[in-house]
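Computed from a predicted model, the values in this text were never measured in an experiment.
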Amino acid sequence: MPDGSKQMFAAAKLASQARAKYHFLPAAALPPELPNGPIAIADMANAFHVTHRTLHFYEEKGLIAASRVGLMRVYDLNDVLRMAVINVCREIGMSIAAIQTMMDELSLAETQEAAEATFHAALSARMQELTAELTIFQRQAQRITELLEYSSAAESDRLNDNQAPSALTAEERHYLTFMAEGQSTAKIARNLNIGTDAAFAIEASIIGKFGTDSRFQAIAKAVLLGIVKP
């Protein structure tokens with residue numbers, strides 16, 4: 001059997017034996033190259049591709065605990081299994097606080113099924129967090145798209161920062177002053193002695209020339225361009 005296969009087989013056997021003893025931990029893949037017996041901190045760090053400082057941090061948070069053999073800090077098999085679970089949780093972005101809560105709950109598990117159920121509940125909670133974050137990212141991306149599309153309107157025939165206010169007709173500019181005062185369409189129609197349909201048509205033309213979607217956006221753009229005073 002090739003050396004690599006022997007190492008993986010040995011790791012799998014080690015994991016099986018350990019989980020029979022520490023049945024409250026969920027199954028998580030172990031590194032293929034683990035020495036037998038107590039594991040020195042350097043070997044632990046290399047096996048899980050973390051720094052000594054990370055291991056010390058996990059100790060401070062009560063997630064793992066090192067003992068000493070002479071002057072050397074070592075970890076037992078239980079800590080190795082706990083570290084495997086911690087690594088999985090960190091890979092998916094689970095917070096240290098969430099991992100601490102999960103590990104505390106795992107310590108109360110009386111069967112392997114209970115441990116797996118606790119682990120799956122923690123994974124589901126993380127999935128919900130990611131789904132919520134994804135929704136936020138999608139909304140932000142959509143907003144960016146809208147802003148980019150709005151900016152590109154400057155290349156069209158719509159009124160933009162590079163065009164003169166004269167793109168509006170005198171009637172539209174007069175109408176816009178009433179809009180900026182917050183008057184309703186019906187009231188503006190009465191002030192200008194025009195029909196409501198005509199007022200709506202003028203308003204729609206103003207909104208279109210500003211490349212906006214509503215009268216409020218058109219007013220804001222007009223204020224920004226200095227066409228009307230706020």
Y58 OH to M103 CE distance, which is reported to the nearest 0.5 Å | 11.0 Å
Under 3.5 Å donor-acceptor, Q100 side chain and K61 backbone | yes
Hey, what do you get for OG (S205) to CG (L176), rounding to the nearest 0.5 Å?
-> 11.0 Å
Check whether any side-chain heavy atom of S67 sits under 4.5 Å from a side-chain heavy atom of D76, and report yes or no.
-> no
Do F57 and F48 sit in the same hydrophobic cluster, where Ile, Leu, Val, Met, Phe, Trp and Tyr count as joined when their side-chain heavy atoms come under 4.5 Å apart?
-> yes
Will you find, in the side chains of Q138 and Q142, an N or O donor that is under 3.5 Å from an N or O acceptor?
-> no
Could you please spell out the steps behind the side chain to side chain contact (heavy atoms under 4.5 Å, CB included) verdict for R82 and N78?
-> CA-CA 6 Å; R82 291 172 69 87; N78 185 40; 3.8 Å; yes
Treating Ile, Leu, Val, Met, Phe, Trp and Tyr as nodes and any side-chain heavy-atom pair under 4.5 angstrom as an edge, say whether F216 and L224 lie in one connected cluster.
-> no
With side chains defined as the heavy atoms from C-beta onward, is the minimum distance between L25 and F119 less than 4.5 Å?
-> no
Taking side chain as C-beta onward, heavy atoms only, is L30 less than 4.5 Å from V80?
-> yes
Please report the C-alpha distance between K209 and T169 in whole Å, then the side-chain angles of each, then the deciding distance to 0.1 Å, and finally whether the side chain to side chain contact (heavy atoms under 4.5 Å, CB included) criterion is met.
-> CA-CA 11 Å; K209 288 183 178 181; T169 66; 4.0 Å; yes
Can you tell me if CD on E171 sees more than 12 non-hydrogen neighbours from other groups inside 6.0 Å?
-> no
First locate atom OH of Y175, then atom CE of M179, and finally report the distance between them rounded to the nearest 0.5 Å.
-> 6.5 Å
Does a donor on one side chain and an acceptor on the other come within less than 3.5 Å for T118 and E105?
-> no
Do I39 and L77 have side-chain heavy atoms sitting under 4.5 Å apart?
-> no
Donor-acceptor contact below 3.5 Å, side chain E116 vs main chain A27 = yes
Give, for atom CE of M102 and atom OG of S95, the distance between the pair rounded to the nearest 0.5 Å.
-> 10.5 Å
Using a 4.5 Å cut-off on heavy atoms from C-beta on, say whether the side chain of M94 contacts that of V88.
-> no
Any donor and acceptor pair, going by atom type alone, linking the side chain of T212 with main-chain N or O of G208 inside 3.5 Å?
-> no
Rounding to 0.5 Å, atoms CD1 (I188) and CZ (R190) come to a distance of 10.5 Å
Indicate the atoms forming the closest heavy-atom contact of A66 with R73, along with that distance.
-> CB-NH2, 3.7 Å
Regarding E59 and Y75, is there a side-chain donor-to-acceptor distance under 3.5 Å anywhere?
-> yes
Under 3.5 Å: donor-acceptor pair, side chain of D79, backbone of I64 | no
Could you tell me whether R53 atom CZ has more than 12 heavy atoms of other residues or ligands within 6.0 Å of it?
-> no
On a heavy-atom basis, the closest approach of G195 and A189 is O-CB, 4.0 Å
Nearest heavy atoms of D104 and S107, plus distance in Å = O-OG, 2.5 Å
Starting from the C-alpha separation in whole Å, work towards a yes-or-no answer on side chain to side chain contact (heavy atoms under 4.5 Å, CB included) for I99 and R90.
-> CA-CA 8 Å; I99 295 175; R90 293 300 289 161; 3.5 Å; yes
Can you tell if the side chain of T131 reaches within under 4.5 Å of the side chain of M127, non-hydrogen atoms only?
-> yes
Which distance, rounded to the nearest 0.5 Å, do you find between the CD of E60 and the NE2 of H56?
-> 8.5 Å
Are M83 and L55 close enough, and set up right, to give a side chain to side chain contact (heavy atoms under 4.5 Å, CB included), and what steps lead you there?
-> CA-CA 9 Å; M83 188 64 191; L55 294 175; 3.8 Å; yes
Can you list the steps and then say if K187 with E181 is a salt bridge (charged side-chain N to carboxylate O under 4.0 Å, His left out)?
-> CA-CA 11 Å; K187 185 174 181 180; E181 293 173 359; over 6 Å; no
Which heavy atom of H52 sits nearest a heavy atom of A42, and at what distance?
-> NE2-CA, 3.6 Å
Closest contact, heavy atoms only, A115 versus A109 = N-CB, 3.8 Å
Are L225 and I206 grouped together when hydrophobic residues (ILVMFWY) are joined by side-chain heavy atoms under 4.5 angstrom apart?
-> yes
Would I219 end up clustered with I207 when hydrophobic side chains under 4.5 Å apart are linked, directly or stepwise?
-> no
